[in-house]
Each structure stands twice: as C-alpha cells, then as structure tokens.
Novice: 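Okay, handing you the structure first.
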Amino acid sequence: MPEQNFLLVAFQVEDWNRDFSPWEAAAVFGKEGFAGQGLKTLRWLTEECVPHIDRTFGVKDREHWLMGYSLAGLFALWAAYESDVFSGIVCCSGSLWFPDWDHYVRNHVIQSKCSVYLSLGGKEEKTKNKVMATVGDRTRAQEGLLQEDSMVESVVLEWNAGGHFADAGKRLAKGVKWMFGVKSGL
C-alpha cells in the first residue's frame, strides 16, 4: 500500500493460549488449556501500549486498527466487544470455534463505530476435531451478527483457498488492504 501513510506495530505475547484467550477453557487439542488472560493483555494494550504509540509517533488523532490471526484474530474481534479504542478489526482465520464464543457474541455488541474484516480458509472447517469443525458455521454466524450490529459500519467475510496455516501473511495483508479501501471510501 505505497499510497497509504500508516504505522504498523506488532506485539508479541509469552503464551498465546494464556494471553489471547478471553476466558478460561479446557484444551480443545493437545493437553494445554486456555488460561483466560485476554483481559490482562487488552488492558496492557489499551492503557499502556496504544498511549505510548500515540505519544511516541504523534498518532493520537489517527484511527487504531487491531488485527490478528488464529487465536490472535479471536482476541482482536473480542477486543472490539470489550473496548472502544479500535475503529477497525482484521480477524483472519479467527478461532471462533472457541468454547462459548457463540453465546458471548449473542449477548454483546461492538463498543465503538468500526469496520470488521473476517477471513477463513475453505478447508478450516473440514477437520475431524468436532470443536474446531464449527469454525465455518460460527464465522458465518459472526458475519450475520456484525451486519446487524449498529456500531459496525462495514463487514466482509472473505474465503481463501487452503487450510488454517495457508498464507497467513497474505491473508492479513488482504485484510489491511480491504480496511484502507473501506476507510478511504474506495
């Protein structure tokens, strides 16, 4: 996006299952469960990280978008339900299979005007793991709920070739490109 002026900031967490999960949940694959420390990560992000970025780079009056892939994608979408900081969400191959996510989104609304980009690989719902196989239906349902949410200005669900691990970087880039198009009215 050479015609766009933007700042991209990435942050890393120590433990995805702990730091990106919105609430505690049992293991779905393997033995490691989810510790539900997403709120701690979100507080750090909104109370420390974003203000630091705003001060350091002089971007306080600019929009802030949050994007993530897999469990980080779920976290990004959840953050829009819990915080009014973000005006754009990119959720690629989001772990919307997460236990009780479907109940959560039926009882919550997005907290500020924003646009949401969802994407999923066409093979992701074709798995033997019964919990993870719900990701396609849950992502379709998520799109429908977002379309009905008065705080959501624009939403799209884009399907990609391949499974969960196919072209993660390209999928995230497509989300950013879509967001620029929506936000600039193209």
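Nothing fancy with the numbering, it's 1 onward along the sequence. All heavy atoms count here, side chains included; hydrogens, waters and symmetry mates do not. Here the structure is a predicted model, which is why all the values come from computation and not from measurement.
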Novice: Can you tell me if Thr139 uses its side chain to pair, donor with acceptor, with the backbone of Ser119 under 3.5 Å?
Specialist: no
Novice: So, Arg171 side chain and Tyr69 main chain: donor-acceptor pair closer than 3.5 Å or not?
Specialist: no
Novice: So, do Phe98 and Val28 sit near enough that their side-chain heavy atoms are less than 4.5 Å apart?
Specialist: no
Novice: Do the ring centers of Phe180 and Trp65 come within less than 6.0 Å of each other?
Specialist: yes
Novice: Thr134: which residues meet the side-chain hydrogen bond (donor to acceptor under 3.5 Å, both in side chains) condition with it, sequence neighbours left out?
Specialist: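 Thr134: no side-chain hydrogen bond (donor to acceptor under 3.5 Å, both in side chains) contacts found.
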Novice: Please list all pairs meeting ring-ring contact (aromatic ring centres under 6.0 Å, His included) that have one or both residues in residues 108-129, counting only residues at least two apart or in different chains.
Specialist: Tyr104-His108, Tyr117-Trp178
Novice: Under a 4.5 Å cut-off applied to non-hydrogen side-chain atoms, are Glu14 and Asp19 in contact?
Specialist: yes
Novice: For Trp159, enumerate each residue passing the ring-ring contact (aromatic ring centres under 6.0 Å, His included) test, keeping only those at least two apart in sequence or located in another chain.
Specialist: none
Novice: Taking the six-membered ring where the residue is Trp, are the ring centres of Trp44 and Phe11 under 6.0 Å apart?
Specialist: yes
Novice: Answer whether the closest heavy-atom distance between the side chains of Ser115 and Met179 falls below 4.5 Å.
Specialist: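 Ser115 vs Met179: side chains touch.
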Novice: Would you call Glu158-Lys177 a salt bridge at under 4.0 Å N-O?
Specialist: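 No, no charged N to carboxylate O under 4.0 Å.
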Novice: What residues, two or more places apart in sequence or in another chain, satisfy side chain to side chain contact (heavy atoms under 4.5 Å, CB included) together with Ser95?
Specialist: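 Partners of Ser95 by the side chain to side chain contact (heavy atoms under 4.5 Å, CB included) criterion, ordered by chain and then number, come out as Ser70, Leu71, Leu74, Trp97.
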Novice: Rounded at 0.5 Å granularity, tell me how far CD in Gln142 sits from CD in Gln147.
Specialist: 10.5 Å
Novice: If you round to the nearest 0.5 Å, how far is NZ of Lys113 from CG of Asp149?
Specialist: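 Reported value, rounded in 0.5 Å steps: 8.5 Å.
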Novice: So, does Gln111 use its side chain to make a donor-acceptor pair with the main chain of Val109 at under 3.5 Å?
Specialist: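 Looks like yes, one N/O pair under 3.5 Å.
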Novice: In Å, rounded to the nearest 0.5 Å, how long is the span from NE2 of His64 to CG of Leu7?
Specialist: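 Rounded to the nearest 0.5 Å, the NE2-CG separation comes out at 8.5 Å.
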Novice: Under the ring-ring contact (aromatic ring centres under 6.0 Å, His included) definition, can you give me all pairs with a residue in residues 123-144, not counting sequence neighbours?
Specialist: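 Qualifying pairs, neighbours excluded: none.
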Novice: Nearest 0.5 Å, please: how far is CG in Leu96 from SG in Cys91?
Specialist: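 One gets 5.0 Å once the value is rounded to the nearest 0.5 Å.
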Novice: Please answer whether the main-chain N or O of Arg18 pairs with a side-chain N or O of Asp15 as donor and acceptor at a distance below 3.5 Å.
Specialist: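 Indeed, once roles are kept as given, a pair shorter than 3.5 Å links the two residues.
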Novice: Mind jotting down which residue pairs meet the side-chain hydrogen bond (donor to acceptor under 3.5 Å, both in side chains) criterion with at least one end in residues 23-39? Sequence neighbours excluded, please.
Specialist: none
Novice: With a 3.5 Å distance limit and no angle check, can you tell me whether Arg43 reaches the backbone of Leu39 through a side-chain donor-acceptor pair?
Specialist: no
